[in-house]
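In what follows, chains are A, B, ... by sequence order, proteins preceding strands, each numbered from 1. Just so it is clear, the structure is predicted and the values come from calculations on it, not from any experiment.
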There are 2 protein chains.
Amino acid sequence: MPRRSFAEFACSLARSLDVIGDTWTPLILRDVFLGVDKFNDIARDLGVSRALLADRLEHLVREGVLGETVYHQRPRRVRYTLTDGGRELVPILVALTQWGDRWRSGGEAPLEFTHECGASLDAEVACGDCGRPLVAESIAARPGPGGRMAPGTVVIAERLTREGT
Amino acid sequence: MPRRSFAEFACSLARSLDVIGDTWTPLILRDVFLGVDKFNDIARDLGVSRALLADRLEHLVREGVLGETVYHQRPRRVRYTLTDGGRELVPILVALTQWGDRWRSGGEAPLEFTHECGASLDAEVACGDCGRPLVAESIAARPGPGGRMAPGTVVIAERLTREGT
DNA sequence: CCTAGCAAGTTCAGATAATGAACGCAGCCC
DNA sequence: GGGCTGCGTTCATTATCTGAACTTGCTAGG
């Protein structure tokens, strides 16, 4: 649970960060994706405090990123699963992992991924339209339909609006 | 600064999160990318506490994600810029923003991006080899050259090794 | 029946980090 | 000189994280 809610921010990045914007949450999601989906297993895998894990799992379920599969009633025992929304986060987490491979692990990947096409996976963010890999220089921003002046984008909104006129 | 350093984790995701794994850092990087690159501007834009911002900026510079361009000596005044490593994070942040557009903002993007190809940008994570968009189901994991048994991947390492044999 | 063990939390005291407001400080503008 | 700008720093308060122990409901073994 982030220290502050970004719900009122007119910014989808902030809203995403409300869900996965902390140190442990992405690791929890990765674990669930890799099949480490039970409370004790995740706690042991990550070495995270149980209180925090319980808190985060509840948050992720409430936010619709994780779902629960009951495998034992009374006492209720649950496997955590990725929802559709959660599954859409996986490629982003893989891309972030590979950024870490390149810039933090000296190119030596602790974990390698393979794609169903058979290749050792190199995840890249591409333009859905022209298909070319995205680089920062090729991207521009402008206010969208959901945009408005609100905390989190005060200065940005000013500038983009000014530039647009 | 996360509550705990993940440096000893044999996991590039954890190492990435050591750099950008908190609530404010990705927003700071987005601001710098969008040209909001001075201390006061970022502080005002995000409404973040100045102590935290100073801390994070220093951290990001130390980690090589941001650089400084001195625009005034004595007193030293600086614009923050993205390094090569930092620029490679931008597409990932855009992808995360658009995940938020889809799942948190009801499809109404507060901020829209355009690609140099002319299209309204739809950032997707694709396989660098076959070019198809990545979905969670098409990805498998196996231990890589940098892998070892260490905190953060205890259970995962066990399982992947067992499966591999 | 008794004891041990397991899985998934919960509780709690102490440590750490975040917040918001005020302060410092160097130079610039008039 | 006096006020302003820009970038921090300091500080008290509040919120969050940690690690260890505890709880609860059930199952397995003897």
Side-chain angles (χ1 to χ4, degrees), chain A residues 1-6 8-9 14 17-18 20-28 31-32 35-62 66-81 151-152 154-155, chain B residues 1-6 8-9 14 17-18 20-28 31-32 35-62 66-81 151-152 154-155:
Chain A
M1 213 105 54
R3 10 283 161 225
R4 180 200 289 193
S5 170
F6 285 155
E8 82 283 4
F9 273 40
L17 293 171
D18 248 354
I20 61 153
D22 86 303
T23 324
W24 291 110
T25 302
L27 293 170
I28 294 169
D31 269 23
V32 172
V36 181
D37 57 1
K38 296 198 289 188
F39 188 94
N40 272 5
D41 288 346
I42 302 172
R44 189 160 68 90
D45 190 51
L46 299 178
V48 64
S49 97
R50 309 173 68 75
L52 182 103
L53 180 58
D55 190 82
R56 289 302 188 279
L57 287 171
E58 195 210 320
H59 183 227
L60 289 168
V61 169
R62 200 160 11 106
L66 289 185
E68 299 175 325
T69 306
V70 178
Y71 69 90
H72 193 278
Q73 309 272 3
R74 278 217 325 281
R76 188 159 179 274
R77 293 292 177 257
V78 135
R79 285 177 184 278
Y80 294 94
T81 55
V154 186
V155 175
Chain B
M1 211 107 51
R3 12 290 161 220
R4 179 199 290 193
S5 171
F6 285 154
E8 82 283 3
F9 274 38
L17 293 171
D18 248 355
I20 61 154
D22 86 304
T23 324
W24 291 110
T25 303
L27 292 170
I28 295 169
D31 270 23
V32 173
V36 181
D37 57 1
K38 296 199 290 189
F39 188 93
N40 272 6
D41 289 345
I42 302 172
R44 189 160 68 89
D45 190 52
L46 299 179
V48 64
S49 97
R50 310 173 70 74
L52 183 105
L53 180 57
D55 189 81
R56 290 301 188 279
L57 287 170
E58 195 209 320
H59 183 227
L60 288 169
V61 169
R62 202 162 6 117
L66 289 184
E68 299 175 325
T69 307
V70 178
Y71 69 89
H72 193 278
Q73 308 272 5
R74 278 219 325 284
R76 189 158 179 276
R77 293 294 176 256
V78 135
R79 286 177 183 278
Y80 293 94
T81 55
V154 185
V155 175

(message) As a test of understanding, state which of B:Thr81, B:Asp37, B:Val78 forms a side-chain contact (heavy atoms from CB on, under 4.5 Å) with B:Glu68.
(response) B:Val78
(message) Using a 3.5 Å distance criterion without hydrogens, assess whether the side chain of B:Asp41 forms a donor-acceptor pair with backbone atoms of B:Val36.
(response) no
(request) Ignoring backbone atoms, establish whether A:Arg56 has a side-chain N or O less than 4.0 Å from OP1 or OP2 of D:dC17. (result) yes
(request) Please check the phosphate of D:dC22 (OP1 and OP2 only) for any side-chain N or O of A:Arg50 closer than 4.0 Å. (result) no
(message) Side-chain N or O of B:Trp24 versus OP1/OP2 of C:dA17: is the shortest distance under 4.0 Å?
(response) no
(request) Specify the separation, in whole Å, of atom CD of A:Glu68 and atom C1' of C:dG9. (result) 12 Å
(request) Identify whether any heavy atom of B:Ala43 sits under 4.0 Å from a base atom; if not, whether one sits that close to sugar-phosphate; answer base, sugar-phosphate or nothing. (result) nothing
(request) Could you tell me the separation between the CZ atom of B:Arg44 and the P atom of D:dT5, rounded to a whole number of Å? (result) 12 Å
(request) Specify whether A:Trp24 and B:Phe9 have parallel, tilted or perpendicular ring planes, treating 30° as the upper limit for parallel and 60° as the lower limit for perpendicular. (result) tilted
(message) Strictly distance-based, threshold 3.5 Å: is any side-chain N or O of B:Asp22 a donor or acceptor partner for the main-chain N or O of A:Asp22?
(response) no
(request) Could you state the atom-to-atom distance from NE2 of B:His72 to C1' of C:dC25 in whole Å? (result) 14 Å
(request) I would like to know whether A:Leu60 and A:Tyr80 meet side-chain contact (heavy atoms from CB on, under 4.5 Å); could you show each step before the answer? (result) CA-CA 10 Å; A:Leu60 289 168; A:Tyr80 294 94; over 6 Å; no
(request) Measure from CZ on B:Phe6 to C1' on D:dT18 and round the result to the nearest Å. (result) 13 Å
(request) Among the candidates D:dG8, D:dG25, C:dA7, find the nucleotide nearest to the side-chain atoms of A:Arg77. (result) C:dA7
(request) Ignoring backbone atoms, establish whether B:Arg74 has a side-chain N or O less than 4.0 Å from OP1 or OP2 of C:dG27. (result) yes
(request) Could you please name the option among D:dC17, C:dT10, C:dG20 that lies closest to any side-chain atom of A:Leu52? (result) D:dC17
(request) Measure from the side-chain heavy atoms of B:Tyr80 and tell me the nearest of C:dG9, D:dG8, C:dG27. (result) D:dG8
(request) Find the distance A:Ile28:CD1 to D:dC17:P and express it as a whole number of Å. (result) 11 Å
(message) Whole angstroms only, please: what is the CG-C1' distance between B:Asp22 and D:dC17?
(response) 14 Å
(request) Please state how far atom NZ in A:Lys38 lies from atom P in C:dA7, giving the value in whole angstrom units. (result) 6 Å
(request) Go through D:dG19, D:dT9, D:dC7 for me and flag the one nearest to the A:Ser49 side chain. (result) D:dG19
(request) Could you please name the option among D:dC7, C:dA26, D:dT18 that lies closest to any side-chain atom of A:Ala51? (result) D:dT18
(request) Kindly say if A:Tyr71 contacts the phosphate of C:dA8, meaning a side-chain N or O under 4.0 Å from OP1 or OP2. (result) yes
(message) Just the rounded figure in Å: distance from P of D:dC26 to CZ of A:Arg76.
(response) 14 Å
